[in-house]
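I have placed the structure first, in the form of structure tokens, so that the comments after it can refer back to it.
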Amino acid sequence: MVVELGPCQAEDVVRWLKFARRIITELRSTADSEQVLPPDVVELWSQTLDDWNATAIELEASGDPFRWSVEMEPEVAEYLLHGLDVGLHSPTVLGWMTPAEIEEQRAFTRLVVRAFVDGLAAEGRSGRHYVDQILTSLGDLLED
């Protein structure tokens, strides 16, 4: 399946990456973080952020919009999306964010969720079932 993120402002991506990396650092340094998210999903998100980082920084300097596209196994996309869903509902993770940060990062987080949801939905019936679950779980996040 293909996951496509963007076009969007590269500076929004860079800002979100800093925010997400701080959360990942907290997860890696908290003793009971495995109860929030398994280390392998944290590592997978970290690798995904690394993929976005170099492109985002380069495009931020040039002023060009950010676009990212990758072939991904549907199971990997579901795992990443599940990790994001769990994190966004975790009182531990939410405790590391201020209300202002949550609001500031909402639009780009919505784009990230949409990128994965759209890729999974395009996969057909099996992906559609999971998409319906995620849309229900993250519905308030996806609203404008």
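Put simply, CZ on Phe66 and CD on Gln9 are 12.0 Å apart, with the number rounded to the nearest 0.5 Å. Of the inter-residue distances, the one linking Phe19 atom CZ with Leu49 atom CG reads 11.5 Å to the nearest 0.5 angstrom. Expressed to the nearest 0.5 Å, how far CZ of Arg22 lies from CD of Glu101 amounts to 4.0 Å. Atoms CZ and CG, from Phe116 and Leu80 in turn, are 5.0 Å apart once rounded to the nearest 0.5 Å. Note that CD of Gln105 is 9.5 Å distant from CE of Met97, once rounded to the nearest 0.5 Å. For the atom pair Lys18 NZ and Ile23 CD1, the distance stands at 15.0 Å (nearest 0.5 Å).
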Check against side-chain contact (heavy atoms from CB on, under 4.5 Å), Leu59 and Val13: CA-CA 10 Å; Leu59 292 172; Val13 181; over 6 Å; no
side-chain contact (heavy atoms from CB on, under 4.5 Å) between Asp85 and Gln133, worked out: CA-CA 10 Å; Asp85 182 30; Gln133 290 176 349; over 6 Å; no
Check against salt bridge (Lys or Arg N to Asp or Glu O under 4.0 Å), Glu43 and Arg28: CA-CA 9 Å; Glu43 184 57 33; Arg28 286 179 170 159; 2.8 Å; yes
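Taking all atoms of both residues into account, the shortest heavy-atom contact from Ala115 to Glu4 is CB-O, 3.2 Å. Closest non-hydrogen pair, Phe108 versus Cys8, comes out as CE1-SG, 3.7 Å. For the residue pair Ser69 and Val2, the shortest heavy atom distance occurs at OG-CG1, 3.5 Å. Of all heavy-atom pairs spanning Pro7 and Pro65, the tightest one is CB-CB, 4.1 Å.
Under the 30°/60° scheme for interplanar angles, the aromatic rings of Trp52 and Trp45 are found to stand perpendicular.
Checking Val131, Val3, Leu120, Val112 one by one against Leu81, the side-chain contact (heavy atoms from CB on, under 4.5 Å) holds for a single residue, Leu120.
For Thr48 (side chain) and Leu44 (main-chain N/O), a donor-acceptor pair under 3.5 Å exists by modelled atom type. In this structure a side-chain-to-backbone donor-acceptor pair under 3.5 Å is missing from Thr30 to Leu27.
Counting non-hydrogen atoms of other residues, nucleotides and ligands closer than 6.0 Å to CD of Glu73 gives a total of 12 or fewer.
Under the 4.5 Å side-chain contact rule for hydrophobic residues, Leu88 and Ile102 share a cluster.
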